[in-house]
Student: 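This is the structure I have questions about; it appears just below.
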Amino acid sequence: QVQVVESGGGLVQAGGSLRLSCAASGSIFSRNAMGWYRQAPGKQRELVAAFTSGGSTNYAVSVKGRFTISSANAKNTVYLQMNSLKPEDTAVYYCNARGVGWNVWGQGTQVTVSS
């Protein structure tokens, strides 16, 4: 059974940077999709950046050019490098991994950007 655990959130000033990490345990393969989502108070969870099962990447329009998703260890670890952070990036960030017939979420890590 696949599990994912996030780390790396915190408090940062606007314009600063943070890197989130997601470590997956279990059978993660390159054809599985993995990525980052976020949920701000009172809002729906939304895609931030993700690897698709085909290996391409998707980014939310609001983070393009500022955030970069990358992977290591045959995609068992996924990173989200966040630069030029804005107060509107404040949210709980969740790692997600999914394959045929399964979909796993991490517990989330808080990112707070102060103005």
Side-chain angles (χ1 to χ4, degrees):
Q1 184 176 355
V2 175
Q3 292 183 319
V4 294
V5 177
E6 306 98 334
S7 61
L11 173 64
V12 64
Q13 288 188 331
S17 298
L18 281 175
R19 189 175 84 154
L20 306 182
S21 299
C22 173
S25 61
S27 299
I28 292 288
F29 301 103
S30 60
R31 64 179 177 273
N32 295 139
M34 281 189 72
W36 292 93
Y37 291 72
R38 67 186 180 188
Q39 188 166 18
K43 295 188 177 182
Q44 289 189 330
R45 192 172 297 188
E46 62 177 2
L47 170 72
V48 178
F51 290 106
T52 69
S53 58
S56 60
T57 54
N58 288 330
Y59 288 92
V61 172
S62 60
V63 307
K64 275 186 179 179
R66 300 188 298 122
F67 292 11
T68 302
I69 189 171
S70 61
S71 66
N73 301 325
K75 215 165 113 177
N76 276 25
T77 304
V78 175
Y79 303 100
L80 184 67
Q81 178 66 44
M82 304 185 293
N83 299 327
S84 302
L85 282 159
K86 304 175 182 180
E88 51 263 44
D89 294 318
T90 295
V92 177
Y93 284 68
Y94 296 91
C95 181
N96 173 260
R98 63 185 66 183
V100 177
W102 59 273
N103 186 9
V104 175
W105 293 92
Q107 81 285 354
T109 185
Q110 177 70 45
V111 171
T112 303
V113 184
S114 63
S115 57

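Worth saying up front: this structure is predicted, and the values here are computed from it rather than measured.
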Student: Do you know the tightest heavy-atom contact between Ala33 and Ser53?
Tutor: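 Shortest heavy-atom separation between Ala33 and Ser53 comes out as CB-N, 4.0 Å.
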Student: Look at the rings of Trp105 and Tyr37 and say which category their plane angle falls in: under 30° parallel, 30 to 60° tilted, over 60° perpendicular.
Tutor: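 Perpendicular: the ring planes of Trp105 and Tyr37 meet at over 60°.
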Student: Can you tell if the side chain of Trp36 reaches within under 4.5 Å of the side chain of Glu6, non-hydrogen atoms only?
Tutor: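 Sidechains of Glu6 and Trp36: in contact.
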Student: Spell out, yes or no, whether Leu11 and Tyr93 are grouped together once hydrophobic residues are joined by side-chain heavy atoms under 4.5 Å, including indirect joins.
Tutor: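 Each belongs to a different hydrophobic cluster.
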Student: Starting at CD of Gln13, measure out to OG of Ser115 and round the result to the nearest 0.5 Å.
Tutor: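 Reported to 0.5 Å precision, the distance equals 9.5 Å.
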Student: Using a 4.5 Å cut-off on heavy atoms from C-beta on, say whether the side chain of Leu85 contacts that of Phe67.
Tutor: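 Yes, close enough: below the 4.5 Å cut-off.
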Student: Is Tyr59 reaching over with its side chain to a backbone N or O of Ile69, donor-acceptor style, under 3.5 angstrom?
Tutor: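 Yes, Tyr59 side chain to Ile69 backbone: donor-acceptor pair under 3.5 Å.
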Student: A side-chain contact here means heavy atoms from C-beta on lying under 4.5 Å apart; do Arg38 and Val63 qualify?
Tutor: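 Contact flag for Arg38/Val63 side chains = yes.
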Student: In Å and rounded to the nearest 0.5 Å, what is the CE to CG distance from Met34 to Asn76?
Tutor: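 Rounded to the nearest 0.5 Å, the CE-CG separation comes to 7.5 Å.
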Student: Measuring from Leu80:CG to Thr109:OG1, what's the distance to the nearest 0.5 Å?
Tutor: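 Between atom CG of Leu80 and atom OG1 of Thr109 there are 11.0 Å.
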Student: Measure the CD-CG distance between Gln81 and Leu20 for me, rounded to the nearest 0.5 Å.
Tutor: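 Going from CD on Gln81 over to CG on Leu20, the span is 9.0 Å.
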Student: Hey, what do you get for CZ (Phe51) to OG (Ser56), rounding to the nearest 0.5 Å?
Tutor: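 Phe51 CZ to Ser56 OG: 9.5 Å, rounded to 0.5 Å.
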Student: Taking all atoms of both residues into account, what is the closest heavy-atom pair of Lys43 and Gln39, and its distance?
Tutor: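 Minimum heavy-atom contact is O-NE2, 3.1 Å.
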Student: Do Gln110 and Thr90 have side-chain heavy atoms sitting under 4.5 Å apart?
Tutor: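 Yes; the side chains approach each other to less than 4.5 Å.
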Student: Can you name the nearest heavy-atom pair linking Ala72 to Tyr79, along with the distance?
Tutor: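 Nearest pair, atom of Ala72 first, then Tyr79: CB-CE1, 3.9 Å.
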Student: Please round to the nearest 0.5 Å and tell me the distance separating atom SG of Cys22 and atom OH of Tyr94.
Tutor: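 Between Cys22 SG and Tyr94 OH, I get 13.5 Å after rounding to 0.5 Å.
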Student: Give the minimum heavy-atom separation between Asp89 and Arg66, together with the two atoms involved.
Tutor: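 So the minimum-distance heavy-atom pair works out to OD2-NH1, 2.8 Å.
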Student: Can you tell me if Gln3 has over 12 outside heavy atoms packed within less than 6.0 Å of its CD?
Tutor: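 Result for CD/Gln3: open.
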Student: So which of Val78, Val104, Asn103 actually passes side chain to side chain contact (heavy atoms under 4.5 Å, CB included) with Asn96?
Tutor: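 Going through the options one by one, the only one that passes is Asn103.
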